[in-house]
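Working notes, structure below.
Just so we're clear, the structure is a prediction, and the values are computed from it rather than from any experiment.
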Amino acid sequence: MASGTSRDVIRRGLWVLGRAIREQPRIFAVAVAGSVLFGGLVIASAYVVGAVVGDVVVPAVEAGEVGTGTVALAAVALFGISVLRVVGIFGRRLGAGYMQFRLQAAYRRRVTRRYLDLPLAWHHRNATGTLLSNANSDVEAAWYPIAPLPFAVGTLVMLVGAVGSLFVTDWALALVGLAVFPALFALNVVYSRRMAPRQARAQRLRAEVSGIAHESFDGALVVKTMGREAQETARFAGRARELRDSLIAVGRLRGVFDPLLETLPSLGTLAVLVVGTVRLRQGAITVTELVSVAFLFTVLAFPVRAIGWVLAELPRSVAGWDRVSRVLDATGEMPYGEVTLDDAGPATLAFDGVHFGYEPAEAHLPGAQVLGEVAFTVPAGRTVALVGPTGAGKSTIASLAVRLVDPDAGTVTLDGVDVRRLTAASLASTAALVAQVPFVFDDTVRANISLDRPGIDDEDVWAALRLAEADGFVAALPDGLDTMVGERGTSLSGGQRQRLTLARALAGRPRLLVLDDATSAVDPRVEAAILAGLRAPAPGQPAAASILVVAYRRATIALADEVIYLEQGRVLARGTHAELLATVPGYVDLVTAYEQAEQERAENRTYDEVAPLPTGLEIEVDR
């Protein structure tokens, strides 16, 4: 079983190398040409050295004098071969390095592009650390054998030439070569087979260590506040030890095989000297031929190792390629259509018989049905609030509205057009989502709001900030719009981050604004001012966008033109806030519970200001 698996690894590894050659044929040809030039000159240098010894050194010793012209000619020949070998080495290494780095860059782009094409459901099933490993170390591993590959191809050509020259020189010496060279190749194959499972395990552990590290760093706030530093350190240390032991196993195997691969050519040289001495006494060969063949075996030891390098790295390459191709071959992307909406006025959002369920993390487990027969409309220029207990499907509806996911059944339309028929650009310019958890890039305030979108200048940025009630604190920052906010906006409070992300959405002038509890960290008075501004951005002017808001606070809900009450993924009631208070007991209980919780939170802390700790963590402070 293990042998078959190893053969399969070699076969698949060669397929990966073949793919690399097909993608970069010209660069590979240049590298192989340099390697073949080097290999041919290695053989030539062996015969030049033999000629120098046999035709210059030996006669000079026998005659007791050295011919200056002959020595100069020999020196020129050796120098010329050395220069050409340098050219071959340069071409081989430059071509191999260029090919390897081009492939790595290309596949990093492909993996990243694939990440962006795949739906959120796929990302939910894959740890962030694993995805980082796919785009970095796995891509590197997949193309790692490219560096020695041209050298190995040139070495094969050189071996064929060497065996041919041995047969031309003497059949007995050729038999020695036929015994040594296949033995070297067989030893390399055994080496590769033994290395395959070790390299695969090491590559898997690299991803797991990366995943644990990312999770611990990303959850630093929880780790610190819950006093889990020691446990997280131990968890990471345990997996790091496994990786260490795995890499030691790889190194131990190399420690066993490397001396054998070094020794075998030396044994071949010794065998050549023994057989050659006998053949020399028999008069079958000359001193020149014996020295040439012995020197040839000596200089072949290093190039032949290139074959071993490629074979030894094939298991790691296959492991990396499997992990990369899992991303590239993943299904579930959401293709866009070709319909473009007009940019005039607020958009109308409609849900019609929508059903949705999240895919399970594991294929054998049943999926979770979240929404069933959801139907409602957000009329143009109106504000609709989604209210419901935890798990009712509010955030899922928000995701469906901007097409982060597609419904299993039913339709979601914007201005009467199924969102699946819209172009990506039209959908992005029409609808914007402000999520509950704000994400801020490690960049300036200006860059976080504009996102380098064309047509958004500083005036637009300040207008969006004013509408999001964020212009005051931004103007007070040390460098204003040029202030660096730190990774994930650690220099800002929770409420400030939420208002920045809201301003980011508003700067694009969306016709539909979806707020998924996007102002939960903002003071209620500020939140009321924001929502009032969104409903009527200028005196006497209609709303610039329709608004779908996931709401909890009574004051927020009361601002909506209509309230959709959800329970267990279904619309149980709809109407104004006052109507639902009068007719739906579950709605009354929920809103009352939210209000009580809000009052308790207000008694203990304020919402808006968060002071950054020196460690980058945050705590709430009163103002």
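Taking the ring axis of Phe236 as reference, the NZ or CZ atom of Arg241 does not stay both within 45° of it and closer than 6.0 Å to the ring centre.
In this structure, the side chains of Arg570 and Val374 stay at 4.5 Å or more apart for every pair of heavy atoms. Taking the side chain as every heavy atom from C-beta outward, Thr348 and Thr377 approach each other to under 4.5 Å. Side-chain contact between Leu341 and Arg511: present, with at least one pair of heavy atoms (C-beta onward) separated by less than 4.5 Å. Within the 4.5 Å cutoff, side-chain heavy atoms of Leu477 are placed close to those of Val445. Between Val474 and Leu481 the shortest side-chain heavy-atom distance falls below 4.5 Å. Side-chain contact between Thr501 and Arg504 is present, with at least one heavy-atom pair separated by less than 4.5 Å. Inter-residue side-chain proximity for Leu422 and Thr430 is flagged as unmet; no heavy-atom pair is nearer than 4.5 Å. Using a 4.5 Å heavy-atom threshold, the side chains of Asn134 and Tyr115 count as touching.
Within 6.0 Å of the CZ atom in Arg421, the count of heavy atoms belonging to other residues, nucleotides or ligands does not exceed 12. Counting non-hydrogen atoms of other residues, nucleotides and ligands closer than 6.0 Å to CD of Glu23 gives a total above 12. Taking a 6.0 Å sphere around OH of Tyr565, one finds it holds more than 12 heavy atoms contributed by other residues, nucleotides or ligands.
For residues 470-486, the pairs satisfying side chain to side chain donor-acceptor pair (under 3.5 Å) are Arg446-Asp482, with sequence neighbours left out.
At least one donor-acceptor pair closer than 3.5 Å links the side chain of Ser325 to the backbone N or O of Trp321. Proximity of a side-chain donor or acceptor of His355 to a complementary backbone N or O of Glu373 within less than 3.5 Å is detected. At least one donor-acceptor pair closer than 3.5 Å links the side chain of Gln498 to the backbone N or O of Gln436. Here the side chain of Arg323 pairs no donor or acceptor atom with the backbone of Gly320 at under 3.5 angstrom.
Contact check on Lys394 versus Glu567 returns no salt bridge, with no Lys/Arg side-chain nitrogen under 4.0 Å from an Asp/Glu carboxylate oxygen. Taking the charged nitrogens against the carboxylate oxygens, Arg574 and Glu562 do have a contact shorter than 4.0 Å, which makes a salt bridge. With respect to Asp329 and Arg326, no salt bridge is recorded, no charged nitrogen being found less than 4.0 Å from a carboxylate O.
A perpendicular orientation is assigned to the rings of Tyr587 and His577, their planes being inclined by more than 60° (bins at 30° and 60°).
In summary, of the residues considered (Leu513, Leu467, Ile449), a side chain to side chain contact (heavy atoms under 4.5 Å, CB included) with Leu502 occurs for Leu513 alone.
For Arg113, the side chain to side chain donor-acceptor pair (under 3.5 Å) partners are Asp117, not counting sequence neighbours. Among residues two or more places apart in sequence or in another chain, the side chain to side chain donor-acceptor pair (under 3.5 Å) test is passed with Gln104 by none.
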- Query: Is there a side chain to side chain contact (heavy atoms under 4.5 Å, CB included) between Leu580 and Val591 once you walk through the steps?
  - Reply: CA-CA 10 Å; Leu580 295 185; Val591 172; over 6 Å; no
